Amino acid sequence: MAVSRRVFVATAAVLAATGVSRPASAAPAAAAEDPRSRIPVSPDDTEADLVRKASQVRPTARHIAWQRLERTAFLHFGVNTFTGLEWGTGDEDPDVFQPAGLDTDQWARALRDGGFRLAILTVKHHDGFVLHQSRYTDHSVASSSWQGGQGDVLRSFADSMRRHGIKVGVYISPADENQYLHGVYANGSARTGHTIPTLVDGDDRTPPRTYTLPATDYGAHMLNQLYEVLTEYGPIDEVWFDGAQGRIPPDKVEKYDWDSWYTLVRSLAPDAAIAVSGPDVRWVGNEGGLAREDEWSVVPVREKDYGRTDYALNYDAPDMGSRAALVKAQPVADFLQWWPAECDVSIRDGWFYHPDQQPKSVEQLTDIYFRSVGRNSVLLLNIPPDTDGLLPAVDVVRLREFRERVDRELPEDLARGGRTTASPGRVTVDLGREREVDRIRLAEDIRYGQQVESFVVEAQRDGAWTEVIGAGTIGASRILLLAVPVRARRWRVRVTGSRAEARLVEFGLYRSRV
């Protein structure tokens with residue numbers, strides 16, 4: 001593996017060991033498009049060309065802000081909560097939706113106490129029932145007798161999350177069983193220009209700007225609902241799409257208007273990350289919350305279906321971004337793109353609440369944390385509200401226990417305040433005295449891309465440097481667990497393989513209290 005001449009630069013006043021962590025400039029407020037976030041590839045590119053191009057890919061400001069979230073929450077809530085289904089039928093009686101004790105402040109407090117920084121609500125799942133007061137469907141909270149038809153879960157959710165310092169995300173399913181029943185979804189209509197928002201009878205809005213975008217009948221329906229959500233509920237920080245198709249006959253298809261949807265989101269919520277059928281964030285490839293051992297944020301992609309960013313390799317390929325993966329994907333790849341992984345998993349077996357299910361143990365959640373956040377990914381943990389409109393008490397307790405466990409796993413950073421020296425390819429920390437270490441946390445300064453391909457961590461014992469552990473990628477976050485504590489005064493990380501100059505902003509050393 002080729003190693004650059006100078007493979008390591010310590011940044012942020014030489015790592016967290018100095019008491020200064022990631023620089024504030026790592027997450028600027030503006031989210032302007034950065035053309036370096038994806039670079040075209042050619043069938044004529046050599047392996048060296050591909051590696052060079054991969055080393056030049058950079059995240060956008062929204063990528064950096066999203067990666068720093070680390071722990072995000074999903075809240076699957078809707079008619080399925082009351083019918084017991086995981087995928088609804090679209091013909092549910094809206095009056096089945098009766099969360100008499102809805103308390104979104106309770107949700108927010110539980111998520112805040114669990115260490116979550118963003119929460120995503122299923123504003124619309126595949127059944128088509130929406131949790132806000134929409135002008136474009138009768139399959140919504142407005143058609144339920146709950147709160148006299150005036151209830152708006154999205155408004156309550158958004159207000160509560162912001163009140164407790166949690167960012168707001170929305171999931172609007174591309175699939176829509178109700179709109180299929182009404183002849184809108186998969187009706188074979190051609191893409192034509194639609195004015196968004198499309199005003200309806202009695203509509204008193206005066207939009208400051210309208211958009212003319214190509215869409216099918218259903219694509220326009222989605223655009224109008226997106227417009228409502230992104231203009232009437234305050235700042236949205238993540239818009240989450242999946243690629244689900246409705247359960248429709250095989251001779252029918254709804255080809256989603258991704259390009260128009262992306263354009264509208266970018267216009268109305270420029271700081272929002274678009275995941276996971278989106279250009280900003282990809283699905284890790286499983287619903288167990290587990291990233292790959294070596295997870296790359298720079299991966300080969302192709303464009304399809306009206307601009308949708310798609311995998312050049314299989315979505316669950318064991319290797320998404322190594323040199324070998326770049327070469328393997330070359331015949332079908334259009335770009336190398338900054339497309340980091342989001343690891344979704346539910347705290348219970350199902351995505352919606354079922355009274356006979358129990359939450360995962362603290363040990364299971366902690367293992368997922370280390371295998372997601374600890375592997376250059378963001379954890380998306382689903383906690384489904386129950387039929388009262390509350391997060392179950394046992395789940396609330398489990399979230400707090402989970403945060404407390406992670407805090408005990410990674411307590412005081414022993415390297416903070418230590419004497420640090422840096423030289424090409426290595427950083428050394430002198431702790432001042434011998435200390436036991438069993439957790440190591442590393443991070444690259446991803447403003448300069450993801451570069452590290454391999455590294456080792458060493459401890460000086462009896463005057464000699466001894467390898468303690470080694471691994472491949474680092475990226476925005478890499479956490480290494482030692483089977484047994486190692487006692488030493490001097491520690492160092494040594495980069496052994498890198499695509500270009502590597503810059504680290506964190507070299508943390510911990511002794512767990514578990």
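Positions are given from 1 along the sequence. The structure presented is a predicted model; accordingly, all values stated were derived computationally and were not measured.
Separating the CG atom in Asn376 from the CD1 atom in Ile474 is a distance of 10.0 Å, to the nearest 0.5 Å. Rounding to the nearest 0.5 Å gives a distance of 8.0 Å between OG of Ser267 and CG of Leu213.
Salt-bridge annotation for Asp430 and Arg419: present, with a side-chain N of the basic residue lying under 4.0 Å from a carboxylate O of the acidic one. Salt bridge annotation for Glu70-Arg441: present, with a cationic side-chain nitrogen under 4.0 angstrom from a carboxylate oxygen. Between Asp395 and Arg398 there is no salt bridge, since no side-chain N of the basic residue sits under 4.0 Å from a carboxylate O of the acidic one.
The aromatic rings of Tyr262 and Trp258 lie tilted to each other, with the angle between the two planes from 30° to 60°. Note on ring orientation: taking the six-membered ring where Trp is involved, the planes of Phe116 and Phe402 are tilted (angle from 30° to 60°).
The side-chain hydrogen bond (donor to acceptor under 3.5 Å, both in side chains) test applied to Arg492 returns Glu458, not counting sequence neighbours. For the ring-ring contact (aromatic ring centres under 6.0 Å, His included) test, residues two or more places apart in sequence or in another chain that qualify with Tyr311 are Trp339.
Counting only residues at least two apart or on different chains, the side chain to side chain donor-acceptor pair (under 3.5 Å) pairs with a member in residues 282-291 are Arg282-Glu295, Trp283-Asp344, Glu287-Trp351.
For the residue pair Ser37 / Thr60, no side-chain donor-acceptor distance below 3.5 Å is found, with atom types taken as modelled.
With a 6.0 Å cutoff to the six-membered ring centre and a 45° limit on the axis angle, Arg499 counts as a cation-pi contact of Trp296.
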